[in-house]
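Shown next, in structure tokens, is the structure this report addresses.
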2 protein chains.
Amino acid sequence: MARAATTSDVFNAIAEPQRREILVLLRAGERPVTELAQELGMTQPGASKHLRVLREVGLVRDRRVGKQRLYGLDARGLRPVHEWAGGFERFWSESFDRLDAYVQDLKQTGKAE
Amino acid sequence: MARAATTSDVFNAIAEPQRREILVLLRAGERPVTELAQELGMTQPGASKHLRVLREVGLVRDRRVGKQRLYGLDARGLRPVHEWAGGFERFWSESFDRLDAYVQDLKQTGKAE
DNA sequence: CTATCGTATTCCGATATCGGCATGCGTCAA
DNA sequence: TTGACGCATGCCGATATCGGAATACGATAG
């Protein structure tokens, strides 16, 4: 076996920096492939591939307009990501006492031995 | 080139379902490796490897206690993820008019041709 | 029908990932 | 020191990813 978590998973789709950039760009509105590729400094096939992944996980929708194909954002799939990360909110906002004490302990342990 | 986004990136670290499970488990408190492996139904080396990735991106800290090594959560690294996804919140909560109209358009285009 | 533009797909090489297995290392007990 | 335990690391095979280049496909224009 290898690489258990394949595509078709939102978390995996946004693991790619360039795909995240595409999503950010699309917040400003629909764009054709070539324009996206140009603005992000990547080749057209490269952009098409990333867009395919994003489409397969449902983060992006495409619409044909003449010869062009406009890609638009469908951010609903990002909601689970937001909520999942939000489930850890109390661990970064409160109770740093325990964490700090813990870090101190780490330092001491490291020095002592 | 291949696989541009390596580890050492939080988004990549949480792209793995099992690593996400580890983080969730650690919300309940520190745990030794063997216990994590057992609760998640994976081998000990498997757990150690995932923990290593999580440690390298700073989502987890370890502490030696006798023969054991306790892993604890350090969720601060998840904050950027939460915020990034949050940047798309308005696209899934409001302005579904545009999206709906858009979906309708997709259907019509599909049927027409 | 043909040419052209915009985009998708395919083929390729390099690499990196994950899982399993065996083994190495550090710690504690006797 | 020796042995046992807990964990980390190394090596392997299978696979999947990304980037690049060439090419195939679809739509419009002429």
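Below, chains carry the letters A, B, ... as their sequence lines are ordered, and counting in each starts from 1.
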Q.
I'd like to know if the side chain of A/R19 and the backbone of A/A13 have a donor-acceptor N/O pair within less than 3.5 Å.
A.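 Yes, the answer is positive, given that a donor and an acceptor are paired below the 3.5 Å cut-off.
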(Q) If you assign each of A/E35 and A/K49 to its closest nucleotide in DNA chain C, which residue comes earlier from the 5' end? (A)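 Going by which nucleotide is closer to the 5' end, it is A/E35.
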(Q) On DNA chain C, compare the nucleotides closest to B/K67 and A/R69; which residue's is nearer the 5' end? (A)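 With B/K67 and A/R69 compared, the 5'-side residue is A/R69.
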Roughly how many Å is it from [atom1] in [X] to [atom2] in [N], rounded to a whole number?
| X | N | atom1 | atom2 | answer |
| --- | --- | --- | --- | --- |
| B/E16 | C/dT17 | CD | C1' | 9 Å |
| A/F11 | C/dT17 | CZ | C1' | 19 Å |
| B/R64 | C/dT27 | CZ | C1' | 9 Å |
| A/L51 | C/dT7 | CG | P | 10 Å |
| A/Y71 | C/dT7 | OH | P | 9 Å |
| B/H50 | C/dT17 | NE2 | C1' | 10 Å |
| A/M42 | D/dT17 | CE | P | 17 Å |
| B/E56 | D/dT9 | CD | C1' | 12 Å |

Q. Which is true for B/G66 with a 4.0 Å heavy-atom rule: it touches a base, it touches only sugar-phosphate, or it touches nothing?
A.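 Counting heavy atoms under 4.0 Å across all strands, the contact made by B/G66 is with sugar-phosphate only.
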Q. Which is true for B/P45 with a 4.0 Å heavy-atom rule: it touches a base, it touches only sugar-phosphate, or it touches nothing?
A.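 The answer is base, as B/P45 lies within the cut-off (heavy atoms under 4.0 Å) of a base atom.
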Q) Looking at B/H82 versus A/W92, is the centre-to-centre ring distance below 6.0 Å? A)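 Yes, close enough.
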Q | Among C/dC18, C/dT7, D/dC18, the nucleotide that comes nearest once only the side chain of A/T34 is considered | A |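 Per side-chain heavy atoms of A/T34, the pick is C/dT7.
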Q. Charged N to carboxylate O under 4.0 angstrom, B/E16 versus B/R20?
A.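 Looking at B/R20 together with B/E16, the answer is no, because their closest N to O distance does not fall below 4.0 Å.
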(Q) Using a strict threshold of under 4.0 Å (side-chain N to carboxylate O), is an ion pair present between A/E89 and B/R79? (A)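 Answer for the salt bridge query: no.
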Q.
If you go through the side-chain atoms of A/Q68, does one of them form a donor-acceptor pair with the base of D/dA27 closer than 3.5 Å?
A.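 By the distance-only test, no, there is no pair.
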**Q.** Geometric cation-pi criterion, B/R63 with B/Y71: 6.0 Å, 45°
**A.**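 No, B/R63 does not sit over the ring of B/Y71.
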Q) Has A/Q18 got a side-chain N or O lying under 4.0 Å from the OP1 or OP2 atom of D/dG19? A)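 Yes, within the criterion.
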